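Here is the structure we will look at.
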Amino acid sequence: MSSANRAVMERLIRNIPDFPKPGIQFKDITPLIGDALGLKAVIAELLEAVPEGIDAVVGVESRGFIFGVPLALELGVGFVPIRKPNKLPGAVYSQEFDLEYGSSTLNIHQDALIPGQQVLLVDDLLATGGTLVAGAQLIEKAGASTVHVSVVIELEDLGGRAKLAQERGIASITSLIKY
Ligand code: AMP
């Protein structure tokens, strides 16, 4: 990554302590996407690391949409949303996954991907990896496979990279800024 792009991204990712609850260091990407140079830098750097042969981009609600759509446009492929329950109107595949307290569910339209497609899976941040493992499971349920994961931020101590490798066999992961 260019040192200028790294500097822009580090400057524009804002840390908000104790949001949404005590003990969480929330990484706020709104200053980054609100800045013309920041937005351009983050999309250019994510794009640079995407392997050849991507057939579709899948993004996780809601910050995965922000980064996934411009990547799909640049790659010349379509964009598929993974959404929270009761948002997608058509028939869906569902995947439940564990959160720190309790569990959550994500959905994908059953006809959103063509079986055999090679997918780029996008979110803003990789923490424990639960969200992206669920995303990869939904892509599998649709008959496609996740060949690369792109995130802006990785919280390395939380082990998401290892979880994606161990549970879904995904070792091709780009994160731009690591904490
Ligand atoms: P995980 O499933 O633990 O990998 O968490 C990833 C999801 O939770 C992403 O969709 C992030 O947007 C969100 N998230 C988790 N931790 C943080 C954090 N410290 N700052 C901002 N977003 C976070």
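Hydrogens, waters and symmetry mates play no part in the numbers below; they use all other heavy atoms, side chains included. All values derive from a computational prediction rather than experimental measurement. Counting starts at 1 for both ligands and their atoms, in listed order.
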Kindly determine whether Leu121 and His148 satisfy side chain to side chain contact (heavy atoms under 4.5 Å, CB included), including the steps that lead there.
CA-CA 6 Å; Leu121 175 59; His148 193 76; over 6 Å; no
Between Ser103 and Asp98, do the side chains contain an N or O donor and an N or O acceptor separated by less than 3.5 Å?
no
Could you name the protein residues that come within less than 4.0 Å of ligand 1, counting only heavy atoms, and order them by chain and residue number?
Gln25, Phe26, Lys27, Arg63, Asp123, Asp124, Leu125, Ala127, Thr128, Gly129, Gly130, Thr131, Leu155
Residue of the set Lys178, Met9, Lys27 for which side chain to side chain contact (heavy atoms under 4.5 Å, CB included) holds with Ile153:
Lys27
Heavy-atom side-chain proximity of Leu176 to Val42 below 4.5 angstrom
yes
Please check if Val60 and Val119 belong to a single hydrophobic cluster, counting links between Ile, Leu, Val, Met, Phe, Trp and Tyr side chain heavy atoms closer than 4.5 Å.
yes
Residues clustering with Ile16 (ILVMFWY side chains joined when closer than 4.5 Å, directly or via others)
Phe19, Phe26
